Visitor: 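Quick one: the structure is below, questions incoming.
All values reported here derive from a predicted model rather than from experimental measurement.
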Amino acid sequence: MTATLSDTVSFTKQGAIGLIKINNPPVNALGQSVRAGLKAAVELGLADDSVKAMVLICEGRTFIAGADIKEFAKGMGEPGLVPVISNMETASKPIVAAIHGTALGGGLEVALGCHYRIAVPTARIGLPEVHLGLLPGAGGTQRLPRLVGAQAALDLIVKGNHIAAKDALKLGIIDAIVDVSIDGSVESDLETAAIAYAEKLLADGTGPRAIRDITPEAAGPEVFDNYEQSIARKQRGFLAPFHIIKSIRAAFELPFDEGMARESELFMELMTSSESAAQRHIFFAEREVAKVPGLAKDTPKRDIKTAAVIGAGTMGGGIAMNFANAGIPVKLLEMKQEYLDKGIALIRSNYENTARKGRISLDAVEQRMALIEPTISYADIADVDIVIEAVFENMDVKKDVFKTLDATCKQGAILATNTSTLDVDEIASVTQRPQDVIGMHFFSPANVMRLLENVRGEHTADDVIATVMSLSRRIGKIGALVGVCDGFVGNRMLHQRTRESAFLVEEGATPEQIDKVLFDFGFPMGPFTMADMAGLDVGYKVREERRKAGKVEKRDSVWIDKVVELGRYGQKTHAGIYKYEDGRTPIPDPEIAALIAQCAQHAGIEQRKISDQEILERCLYPMINEGAKILEEGIAARPLDIDIIWINGYGFPGYKGGPMFWADQIGLKTICDAYKKYADQFGEHYWTPSPLLEKLAKEGKGFYSR
Ligand code: 3HC
Ligand code: NAI
């Protein structure tokens, strides 16, 4: 007999075992119909005298991967998850959760409400709510600590990592790992094993076992205070990690039901917070960004089995590591053997450092090194499926390289450039196959930074775009597709902030004031600390090139160039905009303050006291206005592409959701009004809102509600 209890839940009897099955693709999220079905199934199993125990199992690729995040914005219907789980936990017949794929968030909380948990060896479990700005709100912060103690619960829930079945077994979160490799599919094997497990419980006379009845091992307040201190810096600005600590603490200080009430209260605070709204926005944006508007889902992809990188410098080495990390053989080509040797030695030392920190094994270092084949001959790369050029940022050099690639590489190979400022179409124009040319703008350090701006040229073929977008994910990156323009999306917007921050200093704000305002906003560091770290000479050269190319700013601010001309390149010369006595800590330097004052005087600018609010507005609003222009021009297809770029490439705080999301929160009218105010003060040249920004502001709309 099979009873269908809702669209997504069914109940079948197998002898004395009631089998509750959830089928809610793609990830069996706990939507209303799953909750209602689960409640009804447990009630049915309890009411039927012939059912002595129950098994909860999921169809498809995974166990329940959590609450249905899409429901959060609409409000969740009855029944709530907490009472559904409570009914399971207090049931008079044993319930076994049978886990495959991932049991995450509410999914693991459901499993913790069951009396026993078994899993296949490949299963993973976790409470990742923190990444959505939430805490496990269905008993996770109360039940897990009762199983694993305070420290392990804090680590698991505050970090939100997934752990493997074998680690979950060691911690006592699951009771058994079942061997499912006998025959058939994972699900049918797991089902058989779970029924056998439940039958054995019955045979042994083992009844239900509720986690709520366990008294947690004592943990004093210092455990939580210390943990809070240990994450304070890294989690600055996020609410959820700190609420999680409070909630876990309640598990040790309050009886179970009061702890649950405290958890609910803290969960609701997070659910209605702007931080969580922003983080949930990012969750979906990170998945949407891979879907290119206008590109059919079934666009064919080219097969990428091998790769080559040209140039083994700062970027080339890191790019090659990404391929090796993903198990893709990669050839690394240089002009001269000595540069190649240097590049390869640096890659090895990077891997060895990672191994020293325990993040990869020494075997893995050798495996990855073996995947990187050094060469100085183009003939060696003739057969690769994709080439990424990372040579000097110079158009003539790049054109030469692309001519050679065109003459050497097999037909159908993708030819990508890592240029950060040059015109991809101009580079493509020297080849006979511009349809195969695309930009892949990695960020430094290329083996660490997750962002990849994929730059679509005028002639880039759809299958090249589809391949590169999917390859991005394969090599562990988040690829965002952008169009050709000066600076693409990220650097083009950054340029606005760089310009205004330099003006602000000239007008009387100090570099440290500006850095503090942007640090307090949530960036990992302010623009001047960042510039000193990256090396001021880099920007100097770029500005020089721009001037040579006739790209002059209406108002030129020269004080940073003067700093460079003093031989102060930043951290690497122990002096830049700041001085560095210990090589790392920026210290304001009176010498630079005097230089700035001199420059201001020379430019006829009267220095004044500038408020933090003015700094924030003048640094961030022009970025948003540039973002609006980028949308108007179709350089980015959607505001979410811009948000993903800024979150993953430039340290925009995740709890603010990216510049375009944040702009919607503060209101586009606020930004337009500020533009008018600054236009009155400084003229319209830098302070004319883009037509899109102005239109949306007038209509009371946002970038996401166009
Ligand atoms: N709710 C709604 N949709 C979800 C979802 C969820 N919890 N989890 C995944 N999805 C959707 C994705 O948006 C995606 O949709 P799309 O195909 O339309 O883009 C689809 O399912 C597949 O997801 P992925 O592309 O991420 O597939 P992967 O195979 O790479 O990863 C996964 C699968 C590991 C389950 C990953 O999706 C994931 O980490 N999901 C989120 C898990 C999570 O955060 N759970 C906690 C939720 S909050 C909660 O439970 C609150 C509770 O404590 C009360
Ligand atoms: P780099 O100077 O460290 O490395 C360039 C390497 O290319 C050198 O090792 C050089 O020997 C080699 N090279 C030059 N011409 C060559 C040729 N014809 N054939 C083979 N090898 C050749 O430069 P970096 O910083 O790695 O930059 C490379 C590219 O990446 C540039 O286009 C740059 O704009 C871009 N980029 C740089 C970022 C950064 O932060 N450094 C960030 C994003 C992109």
Side-chain angles (χ1 to χ4, degrees), residues 69-75 132-133 271-295 480-483 485 487-490 492-497 500 521-522 613-614 616-648 650 652-680 684-706:
I69 306 166
K70 291 191 179 107
E71 249 186 12
F72 290 171
K74 302 181 243 163
L132 299 166
M271 185 62 110
T272 49
S273 69
S274 60
E275 288 86 349
S276 175
Q279 289 177 262
R280 282 179 272 140
H281 153 67
I282 295 168
F283 176 85
F284 288 112
E286 279 188 352
R287 282 154 181 82
E288 276 309 300
V289 75
K291 301 169 195 161
V292 176
L295 204 66
L481 190 67
V482 304
C485 68
F488 310 128
V489 169
R492 177 170 160 180
M493 287 167 69
L494 180 67
H495 178 68
Q496 303 294 316
R497 189 182 85 177
E500 278 308 311
F521 178 80
Q613 183 62 22
E614 178 174 343
L616 199 68
E617 291 177 0
R618 284 180 59 189
C619 286
L620 297 188
Y621 292 179
M623 274 175 37
I624 289 153
N625 190 47
E626 201 64 26
K629 289 185 191 166
I630 282 168
L631 290 175
E632 272 167 353
E633 294 166 23
I635 296 293
R638 302 154 297 189
L640 69 89
D641 298 291
I642 300 177
D643 284 340
I644 288 300
I645 287 170
W646 268 82
I647 298 268
N648 292 287
Y650 299 84
F652 198 95
Y655 53 86
K656 291 203 164 113
M660 307 313 268
F661 183 86
W662 179 70
D664 279 3
Q665 306 307 300
I666 56 173
L668 302 189
K669 185 173 178 308
T670 310
I671 299 173
C672 260
D673 289 348
Y675 255 73
K676 286 189 196 107
K677 178 179 74 183
Y678 292 124
D680 288 345
E684 285 181 345
H685 183 79
Y686 293 117
W687 293 105
T688 303
S690 82
L692 177 64
L693 181 66
E694 204 160 27
K695 174 176 164 287
L696 292 176
K698 223 174 252 159
E699 292 169 356
K701 291 185 178 158
F703 293 117
Y704 283 93
S705 54
R706 281 191 278 167

Visitor: What pair of heavy atoms forms the shortest contact from A73 to R280, and how long is it?
Guide: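 Nearest heavy atoms, A73 then R280: N-NH1, 4.5 Å.
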Visitor: Treating S705 as the side-chain partner and G702 as the backbone partner, does any N or O pair qualify as donor plus acceptor under 3.5 Å?
Guide: yes
Visitor: Within the 4.5 Å heavy-atom criterion, are I282 and D643 side-chain neighbours or not?
Guide: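 Answer no - side chains too far apart.
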Visitor: Got a second to check how far L668's CG is from L696's CG, nearest 0.5 Å?
Guide: 6.0 Å
Visitor: State, yes or no, whether a side-chain contact exists between I666 and Y621 at a heavy-atom distance under 4.5 Å.
Guide: yes
Visitor: Minimum heavy-atom separation for D641 and A636, please, with both atom names.
Guide: CB-CB, 4.3 Å
Visitor: Determine whether F284 and I69 make a side-chain contact, defined as any pair of heavy atoms from C-beta on separated by less than 4.5 Å.
Guide: yes
Visitor: Any chance you could lay out the side-chain contact (heavy atoms from CB on, under 4.5 Å) test for M623 and L494, step after step, and finish with the verdict?
Guide: CA-CA 7 Å; M623 274 175 37; L494 180 67; 5.7 Å; no
Visitor: Distance-only check: which donor-acceptor pairs under 3.5 Å involve side-chain atoms of residues 655-663, not counting sequence neighbours?
Guide:
from: K656; atom 1: NZ; to: F521; atom 2: O; distance (Å): 2.7

Visitor: Roughly how far, to the nearest 0.5 Å, is CZ of R287 from CD1 of I644?
Guide: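 CZ of R287 is found 9.5 Å from CD1 of I644.
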Visitor: Quick one: list whatever passes side chain to side chain contact (heavy atoms under 4.5 Å, CB included) with E684, sequence neighbours left out.
Guide: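 Counting only residues at least two positions away or on another chain, E684 forms a side chain to side chain contact (heavy atoms under 4.5 Å, CB included) with A679, T688.
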Visitor: For side-chain contact (heavy atoms from CB on, under 4.5 Å), just list the numbers for W687 and K677, CA-CA rounded to whole Å, side-chain angles, deciding distance to a tenth of an Å, and then say yes or no.
Guide: CA-CA 9 Å; W687 293 105; K677 178 179 74 183; over 6 Å; no
Visitor: For A628, which residues count as a side chain to side chain contact (heavy atoms under 4.5 Å, CB included) partner, sequence neighbours excluded?
Guide: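 Partners of A628 by the side chain to side chain contact (heavy atoms under 4.5 Å, CB included) criterion, ordered by chain and then number, come out as S690, L692, L693, F703.
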Visitor: For K698, give me all partners under salt bridge (Lys or Arg N to Asp or Glu O under 4.0 Å), at least two apart in sequence or on another chain.
Guide: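 Expected list: none.
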Visitor: Look at the side chain of R638 and the backbone N and O of E288, then say whether any donor-acceptor pair between them is shorter than 3.5 Å.
Guide: yes
Visitor: Do E633 and R492 meet the salt-bridge criterion of a basic N to acidic O distance under 4.0 Å?
Guide: yes
Visitor: If you compare all heavy atoms of A637 against all heavy atoms of R706, which two are closest, and at what distance to 0.1 Å?
Guide: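 Reported closest heavy-atom pair: O-NH2, 4.4 Å.
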Visitor: Are any non-hydrogen side-chain atoms of V482 and I645 less than 4.5 angstrom apart?
Guide: yes
Visitor: Identify the two heavy atoms, one from I647 and one from F652, that lie closest to each other, and give their separation to 0.1 Å.
Guide: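 What the structure gives for the nearest pair is CD1-O, 3.7 Å.
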Visitor: Can you name the side chain to side chain donor-acceptor pair (under 3.5 Å) partners of E500, sequence neighbours left out?
Guide: R618
Visitor: To the nearest 0.5 angstrom, please state how far the CD atom of Q665 sits from the OG1 atom of T670.
Guide: 11.5 Å
Visitor: Under the salt bridge (Lys or Arg N to Asp or Glu O under 4.0 Å) definition, can you give me all pairs with a residue in residues 661-672, not counting sequence neighbours?
Guide: K669-D673
Visitor: Can you measure from NZ (K629) to SG (C485) and round to the nearest 0.5 angstrom?
Guide: 11.5 Å
Visitor: Apply side-chain contact (heavy atoms from CB on, under 4.5 Å) to I635 and V489, showing your working.
Guide: CA-CA 7 Å; I635 296 293; V489 169; 3.9 Å; yes
Visitor: Specify the closest pair of heavy atoms between L132 and S276, including all atoms of both residues, with the distance to one decimal.
Guide: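 Nearest pair, atom of L132 first, then S276: O-OG, 2.8 Å.
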Visitor: Is there a donor-acceptor contact under 3.5 Å from the side chain of Y686 to the main chain of Q496?
Guide: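 No, Y686 side chain to Q496 backbone: no donor-acceptor pair under 3.5 Å.
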Visitor: What is the distance from atom NZ of K695 to atom NZ of K701, rounded to the nearest 0.5 Å?
Guide: 6.0 Å
Visitor: With a 3.5 Å distance limit and no angle check, can you tell me whether R497 reaches the backbone of M493 through a side-chain donor-acceptor pair?
Guide: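 No.
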